[in-house]
Amino acid sequence: MYSEKVMDHFSNPRNVGEIENASGVGTVGNAKCGDIMRMYLDIDDEGIIRDCKFKTFGCGAAVATSSMATELVKGKTVQEALQVTNKAVMNALDGLPPVKVHCSLLAEEAIHAALWDYAEKNGMKIEGLEKPKSDIHEGEEEEAEEY
């Protein structure tokens, strides 16, 4: 059901913890499954992510996607980190079962939420970054009614 990479990142997650005085912190959740993900970014004056840590409350796939997301953004510029999508996280993990795809969406949103916090703290706008949702299912009811 899970790839070796998913199992590895679940059993041996990378970058677990908090960053004191982080440049940006983002917390997102999924009310339907109860997963909560918090991402911490340490961004230098050149806009490079020097460190990234996470804390996740959730299933094994949520832990694995958080771990992989931190690996994917470390050393990247803010703009490059913004391009890390849920598909990139899933591909890096050699896939996820369909019922766990929402975990990769959480990872993408956690990165965006931390970048949003960083931008707000520094009075800047990051091109292409929209205000993140605290719950990835916000607005889903309205969308469902449209069909």
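Positions are given from 1, in the same order as the sequence printed here.
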Beyond-backbone contact of [X] with [Y], side-chain heavy atoms, under 4.5 angstrom:
X      : Y      : result
Lys53  : Val16  : no
Trp116 : Glu120 : yes
Cys103 : Asp35  : yes
Thr65  : Met37  : yes

For [X] against [Y], the heavy-atom pair lying closest together:
X      : Y      : value
His9   : Glu71  : CE1-CG, 4.1 Å
Pro13  : Phe54  : CB-CZ, 4.0 Å
Val84  : Glu108 : O-CG, 3.7 Å
Glu127 : Gln79  : O-NE2, 3.2 Å
Cys52  : Leu41  : SG-CD2, 3.5 Å
Leu129 : Lys125 : O-NZ, 4.5 Å

Could you see if [X] belongs to whatever hydrophobic cluster contains [Y]? Use Ile, Leu, Val, Met, Phe, Trp, Tyr and a side-chain cutoff under 4.5 Å.
X      : Y      : value
Leu105 : Val28  : yes
Leu115 : Ile48  : no
Leu82  : Met124 : yes
Ile111 : Leu72  : yes
Val78  : Val73  : yes

Between [X] (side chain only) and [Y] (backbone N and O only), is there a donor and an acceptor less than 3.5 Å apart?
X      : Y      : result
Asn30  : Lys32  : yes
Ser67  : Val63  : no
Ser11  : Asp8   : no
Glu80  : Gly75  : no
Asn122 : Tyr118 : yes

Worksheet item: Around Lys121, counting heavy atoms of other residues, nucleotides and ligands shown, do more than 12 lie under 6.0 Å from its NZ?
Response: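 Atom NZ in Lys121 is packed in, count exceeds 12.
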Discussion item. Apply the hydrophobic cluster definition, ILVMFWY joined by side-chain contacts under 4.5 Å directly or through others, and give me every member besides Tyr40.
Written reply: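 Ile19, Val25, which link up through side-chain heavy atoms under 4.5 Å apart, make up the rest of the cluster.
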Worksheet item: Are the charged groups of Asp42 and Arg50 less than 4.0 angstrom apart, N to O?
Response: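 So Asp42 does not pair with Arg50 through a salt bridge.
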Practice prompt. Please assess Ile36 against Thr56 for the test side-chain contact (heavy atoms from CB on, under 4.5 Å), listing each intermediate value before the final yes or no.
Written response: CA-CA 6 Å; Ile36 299 170; Thr56 292; over 6 Å; no
[atom1]/[X] to [atom2]/[Y] distance, rounded to the nearest 0.5 angstrom?
X      : Y     : atom1 : atom2 : answer
Ile49  : Thr77 : CD1   : OG1   : 7.5 Å
Met7   : Leu93 : CE    : CG    : 12.0 Å
Met39  : Asn15 : CE    : CG    : 9.5 Å
Leu106 : Thr27 : CG    : OG1   : 11.0 Å
Arg38  : Lys55 : CZ    : NZ    : 8.0 Å
Leu96  : Met68 : CG    : CE    : 10.0 Å

